[in-house]
Structure formats: C-alpha cells, structure tokens
Amino acid sequence: MKLQAVIFLNNIPSLLTVIIFLFLSFQTSTSFQNFLKRGSYLSVEDSSHVLTSPNKTFTCGFYDLGGDENAYWFSVWFTSSRDRTVVWMANRDRPANGQGSRVSLRRNGAMVLTDVDGTVIWMTNTTSTRADRAELLDSGNLVLKDMEGKILWQSFDFPTDTLLPSQYLTKNTKLISRLRSGNFGSGYYTFYFDNDNVLRLIYDGPDTSSVYWPNPDSDAFGNERTIYNNSRIAVLDDMGNFSSSDIFQFSAIDMGFGIKRRLTMDYDGNLRLYSLNVTGSWMVSWEALREKCNVHGICGRNGICVYTPEPKCSCPPGYAVTEPGNWNKGCKPKFNRTCSNTQKVKFIKLLHVDFYGYDLNYSETTSMDSCMKSCLDDCQCEAFSYRLTGQGVCFTKSVLLNGKRTPNFPGSIYLKFPANFEVSEPARLVGTDLVCPPTVSKIVIGSSSMYETAIKRVRWVYLYGFAIAIGAIEVIFFVSGDGDEEETELKRFVREVETKIQCKEDSWIEDVADPRMNGKFSKNQIATLVRIGISCVEGDRSKRPTMDSVVQALLECEAESEVVRPDKR
Ligand SMILES: *[C@@H]1O[C@H](CO)[C@@H](O)[C@H](O)[C@H]1NC(C)=O
Ligand SMILES: *[C@@H]1O[C@H](CO)[C@@H](O)[C@H](O)[C@H]1NC(C)=O
Ligand SMILES: *[C@@H]1O[C@H](CO)[C@@H](O)[C@H](O)[C@H]1NC(C)=O
Ligand SMILES: *[C@@H]1O[C@H](CO)[C@@H](O)[C@H](O)[C@H]1NC(C)=O
Ligand SMILES: *[C@@H]1O[C@H](CO)[C@@H](O)[C@H](O)[C@H]1NC(C)=O
Ligand SMILES: *[C@@H]1O[C@H](CO)[C@@H](O)[C@H](O)[C@H]1NC(C)=O
Ligand SMILES: *[C@@H]1O[C@H](CO)[C@@H](O)[C@H](O)[C@H]1NC(C)=O
C-alpha cells in the first residue's frame, strides 16, 4: 500500500479564537441591616442598600454581573466568597432593570419585586397576612415574620440551584441548574425526588429528558436506595453530612463544624458540595459523578463527550457544531438524511464511543453483520452500537444523544452516512474540544482519490480522516479502524518517517507529498505537520500531545514558515 500526504489550501480563515475575559473588581460600601420593615423597600440604584445576616455570612439585595448589562436579580449571596456566590434568586428568569426597580414589603404583607415601570416581576404568597418584617438569617434563609416572630414565608422553600446546610429538600422542592456560566436562567439539570421516592439527577432539555444519576442501568435497590420511604426529605447538616429518606447519604471530605458549605446543581450537570476556604474560594468536597461524561445531554444531539482528560464536547466526523459556544444544541449532520430504501449508505466506526438511550432494537446474540443489516433495513436507524461481549451485543439507535467516548467501553458506534457523502473534513482543532479526533486507531495519509481507494479496500466502511492545518496548508490523515495488513503497513511507514526525521533526512517529504503540489511547499512545515500527526496517534495514549501543545507547535510552525502558495485544487 502506498502512503501519501495531500497538502492543499486551507480556507478556514482563522484557527484560533482568543477569548479575553475582563475581570471587574467590585467594592461596595455596605451598611449593615438584617431586616426590612413592613412599608419599606430596597432600591436597585443604591448598592449599599442590602440586608446582612447577623454574623454577616450572607447578604441579600440586588445582584448584578458587573459590566454593561442592565440586569439585576433580587438575591442572597455569600458575603465573603470571592465572587459573591449567589445561593438564592427571586427572579432568575426575569432580571429587573438597573433603574427604578425595587423590592418592597407592602402594607398588605406581600414582598414584591417591581420593575422600572411598576410591573410586578415576583412576589411572595403572603398577601393579606400579618407579615411585619423581612429578615435574613445566618443560615442564608430570607424569611418573612409576623409581629410574634412566626415565619410566614421563607426562601428555603423556593430553592434555585443551591441547598444550604439545614435547608430541606422535599417533595415540593428541587434544585435546577443555571443555564451556563454567567447566565442565571433556569437550565437543564435538576436534582429532585422522583415519583418512586428516589433522589435523582435528570437532564430536562428542550426536546428530551433523561435520568443519569444514580446509574440508570440499575434499579433503586441496585443503587443502594429505597423506594419505600415516601417522606421524601433530604438535608445537609452543619457537619457536612447529607442524608436522604431514600437512604442515600454522603459526607464532605472535610467533614466537621465551622465550615461554610453549599450543595449546588451545577450547569455542567454535576451535583457538587463546596466548602469555602480562607481565601474566599470554593473547594469541591463531594460530587455526584466522577465520570463527567456520564451526564446526559451535555454535548447535545449527535455530540460526543470525550476526556482530554478534562471532559470536552466534540462532533463526529460528517457533523458540525450547531451553535458555536452552545453545546446543548449539539451537532448537525452535513448531509441530508432521507428515509428511502433506495439511498445507498455506508457506516463509519467510532471506537469506544457509545450513545445512551433511543434504542430501536436490542439483541445480545447478534453477529456484526446482522447488527449492521438491522440498521440498514430500518431507515429510522441513524447508527448501531456493537460490542463483542458475550455473543455480540447490538443496539440500533433512532436518535444520537448522550454520546461519550470511554476507553474502557468494549465496543464501537457505527454511524450511518449516505454512501456518496465524503467524510473527510478536518477534525475541529478550533475551540476547546478535543486533543486528537475521537478514535484514531491508525493513520493512513492520503489524497482524496486515495481515500476512495482506501474506502474500497476496507469494504466501503469504517473509514474517516482528520486534518491538521497551518495557515494555508492542511494535511489530511485518513484513519481507518480495520485490517491488519494496513496496520503493519502503517507502522512501517511511521517507523520509516520517524527514523528519517531523527536523521534529519527530508527526502521522504517529496515521497509523501501530493504530486499536484508541484514541489511548492515548505519542507519544514510538512515535516512538523507529519510529526504532529504521528504523535497524535502514538500507541501509548499518555505520550500523545495535549491540545495546548499541538496549538503551540502549529503557531510556532506558522511563524517560522516561508509563505508558500500551493496550487489550488
Ligand atoms: C406559601 O407557599 C409555601 C410553599 O408552597 C407554603 O408552605 C405556605 O403555606 C404558603 N403561604 C401562604 C400564606 O399561602
Ligand atoms: C454564622 O452563623 C452560621 C449559622 O449559625 C454558622 O454556620 C457560621 O459559622 C457563622 N459564621 C460566623 C462567621 O460566625
Ligand atoms: C456523618 O457521617 C459519618 C459517616 O457517614 C458518620 O460516621 C457520622 O456519625 C455522621 N455525623 C453526624 C453528626 O451525623
Ligand atoms: C423515612 O425517612 C425519614 C427521613 O430520613 C426518617 O426520619 C424516617 O425514619 C424514615 N422512615 C422509615 C419508615 O424508615
Ligand atoms: C483555596 O481554594 C483555592 C481554589 O480551590 C485553592 O487554589 C487555594 O489553594 C485554597 N487555599 C487554601 C488556603 O486552602
Ligand atoms: C439538503 O437538502 C436541502 C433542501 O433539499 C438542500 O438545500 C441542501 O443543499 C442539501 N444539503 C446537502 C448537504 O446535500
Ligand atoms: C428486533 O430484533 C429481532 C431479532 O433480533 C426481530 O425479530 C424483531 O422483529 C426486531 N424488532 C423490531 C421492532 O425491529
């Protein structure tokens, strides 16, 4: 088998996006006050006009994110945490105007948040009660009390995404994550008591919802829970012990008194217990999911969660990000799916990748061929998952959601594509997504015509490529998953190139370059690209470069390059 590199104009204008965060520091003078009398109000313009709990742990008032955004939330936050961490919000989905908004304890007993034009954004259910004052307690609970000190309303009954020590989670309450960093709106992840009395985490997205914790493949008993206690009550105590009526419990790693804690449903779908340290930063002292790619919905439809080792989202080959910066929207196919029996299709294998749920059919005793056939025969089938455990486990999938790649998953997903759709676009080096493409079991460096040939050689299936680009030049590495012959060939090629690189011989570059280049290329750049490509498929995963070092190498390479303009294809 002949190996070849193709180098051509890369028309992606820029590979890197630099994001600059602007940190604004906040200093507000605070006059301490822990209650608001009936008939008085807090106004948004006066940032010192806040309620503070007696020992100053918590502050309550109008909260904003700084910057130019004219959005204010009536909130309770930790006074001494570095980023004024919010623990409760009245109006998370409907921020108030920065002028004219106020929170009043009206004479009729209701606490009311009004916008600049007087519209009511939020109010308590205490109209026509004898509510006398609003008070912020040391627990972080904002309460309305009558003259006798009886509590008529409390923020603890209406949590947002955080549970504080001594605050009960009940059958009527749940924690809902925020949408994303910097957006307090209701997000897609919920911590709640399910109908069978078990505490769960659920992804509740715009189109779909699915439970992912505790392990959805086990029943309550298998997850060491009980369904028989219907009191549905859970609480974190002052020691850092959490206990629930479904017998689930855990302890903070720093268990003990005197530490400020919060249990938060984070927007990445993980439930975490945090402890505040002396420098005002939060440290994670427990989390529900150690394997973060087990969170459902995190990379959206068709998206795949990969460990880099940090969990990141990526799109399968042949798919593109639907809405850059918003992984909830997932990836969209670059081809048209038609449900016709005449459309010829092919499958592309992604090693160690699986999508959870949406099974059309399932069998534990299927050969690879009949598994593929059942997906071929059903035009609703978008992919099939096959693993060689037992007698061959086969799932056909109607929707690709909850995708993840885990090195210990003993199987692969086979994505269905129209046969004439060429899956040869570069893997996304842009963004924060992946180090190397999802499954690089070996590389074939080739031109697109080579790609066609190679597809035929590997039985029309299981083939895709990735590309590395510098400025105007791009090298495509085709990756295939099957066939020992190619494997040996590839190893020999890689070994040869490595030796030549070590010996600073560069005649091989001419050998691998596409003849259409007519010799118009920078040897240095190609050598670097090939070296990076080879390091990305290093058999020992721990020796593979990180995203950062790949980008660094590309930037250095680009900087040193003589500008070369290869012939356009
Ligand atoms: C207000 O709502 C809470 C929580 O639903 C409830 O416990 C309380 O009784 C209500 N108060 C009034 C005065 O209706
Ligand atoms: C304030 O009170 C809360 C609740 O009683 C307690 O957990 C916390 O340690 C106190 N903080 C200070 C600084 O005394
Ligand atoms: C907290 O939990 C630990 C272990 O689960 C237990 O040994 C300890 O007694 C608990 N402490 C309290 C105060 O409940
Ligand atoms: C149900 O759970 C509650 C709260 O954890 C507990 O107090 C109660 O004893 C439990 N009931 C039974 C029957 O186990
Ligand atoms: C406080 O937490 C931050 C963030 O987790 C950590 O970097 C820092 O070392 C911690 N400081 C102390 C004194 O524990
Ligand atoms: C898919 O179909 C639409 C409308 O029929 C067409 O505009 C579009 O170009 C097609 N896309 C591809 C990738 O074939
Ligand atoms: C599921 O697969 C079995 C054989 O494995 C087949 O008999 C059955 O008809 C299939 N069901 C559907 C709904 O396709």
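In each ligand, atom 1 is the first atom listed, and ligand 1 is the first ligand listed. Worth knowing before you read on, the calculation uses all heavy atoms, side chains too, and leaves out hydrogens, waters and symmetry mates. Only a predicted model underlies this, so the values are computations on that prediction, with no experimental measurement involved.
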> Could you tell me the residue and atom name of the protein heavy atom closest to atom 4 (C) of ligand 1, and the distance to it rounded to 0.1 Å?
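Result for atom 4 (C) of ligand 1: Phe158 CZ, 3.7 Å.
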> For atom 5 (O) of ligand 5, what is the closest protein heavy atom, and at what distance to 0.1 Å?
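Its nearest protein heavy-atom neighbour is Trp282 O, 3.6 Å.
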> Using the ring-ring contact (aromatic ring centres under 6.0 Å, His included) rule, take Tyr72 and Tyr63 through it: C-alpha gap first, then chi angles, then the decisive distance, then the call.
CA-CA 5 Å; Tyr72 288 77; Tyr63 188 95; 9.2 Å; no
> Would Ser244 count as being in polar contact with ligand 4, using the rule that some N or O on each side must be under 3.5 angstrom apart?
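No, since none of the N or O atoms of Ser244 sits under 3.5 Å from an N or O of ligand 4.
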> Students often mix this up, so state it plainly: with edges at 30° and 60°, are the rings of Phe78 and Phe58 parallel, tilted or perpendicular?
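Phe78 vs Phe58 ring planes: tilted.
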> Among all protein heavy atoms, pick the one closest to atom 2 (O) of ligand 1 and tell me residue, atom and distance.
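Nearest neighbour among protein heavy atoms for atom 2 (O) of ligand 1, to 0.1 Å: Asn125 ND2, 2.2 Å.
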> Can you name the atoms of ligand 4, numbered from 1 with element, that are less than 4.0 Å from a heavy atom of Ile233?
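Ligand 4 atoms under the 4.0 Å threshold to Ile233: 4 (C).
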> With heavy atoms under 4.0 Å as the rule, classify the contact between Ser245 and ligand 4 as side chain, backbone, both or neither.
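Answer for Ser245: both.
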> Once the angle between the rings of Trp122 and Trp88 is folded into 0 to 90°, is it parallel (under 30°), tilted (30 to 60°) or perpendicular (over 60°)?
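It falls in the perpendicular class, over 60°.
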> Between Asp254 and Arg261, does at least one N-O distance fall below 4.0 Å, as a salt bridge requires?
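Between Arg261 and Asp254 there is a salt bridge, with a charged N closer than 4.0 Å to a carboxylate O.
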> Within the protein, is there a heavy atom lying under 4.0 Å from atom 13 (C) of ligand 4?
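No, because not a single protein heavy atom sits under 4.0 Å from atom 13 (C) of ligand 4.
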> Under 4.0 Å from a heavy atom of Ser231: which atoms of ligand 4 are those, numbered in the order shown and with their elements?
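Matching atoms, with element in brackets: 1 (C), 2 (O), 3 (C).
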> Do you see a protein non-hydrogen atom under 4.0 Å from atom 7 (O) of ligand 4?
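Given the 4.0 Å limit, the answer for atom 7 (O) of ligand 4 is no, no protein heavy atom qualifies.
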> As a test of understanding, state which of Leu163, Asp161, Thr162 forms a side chain to side chain contact (heavy atoms under 4.5 Å, CB included) with Val87.
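Single pass found, and it is Thr162.
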> Can you list the ligand 5 atoms lying under 4.0 Å from a non-hydrogen atom of Asn277?
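That gives atoms 1 (C), 2 (O), 3 (C), 8 (C), 10 (C), 11 (N), 12 (C), 14 (O) of ligand 5.
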> Given the ring of Tyr274, does Arg262 sit roughly above its face, with NZ or CZ under 6.0 Å from the centre of the six-membered ring and within 45° of the axis?
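That pair qualifies as a cation-pi contact.
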> For the pair Arg133 and Glu135, find out whether any cationic side-chain nitrogen is under 4.0 Å from an anionic carboxylate oxygen.
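Answer for the salt bridge query: yes.
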> What atoms in ligand 5 come closer than 4.0 Å to a heavy atom of Ser281?
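Numbered from 1, ligand 5 contributes 1 (C), 2 (O), 3 (C), 4 (C).
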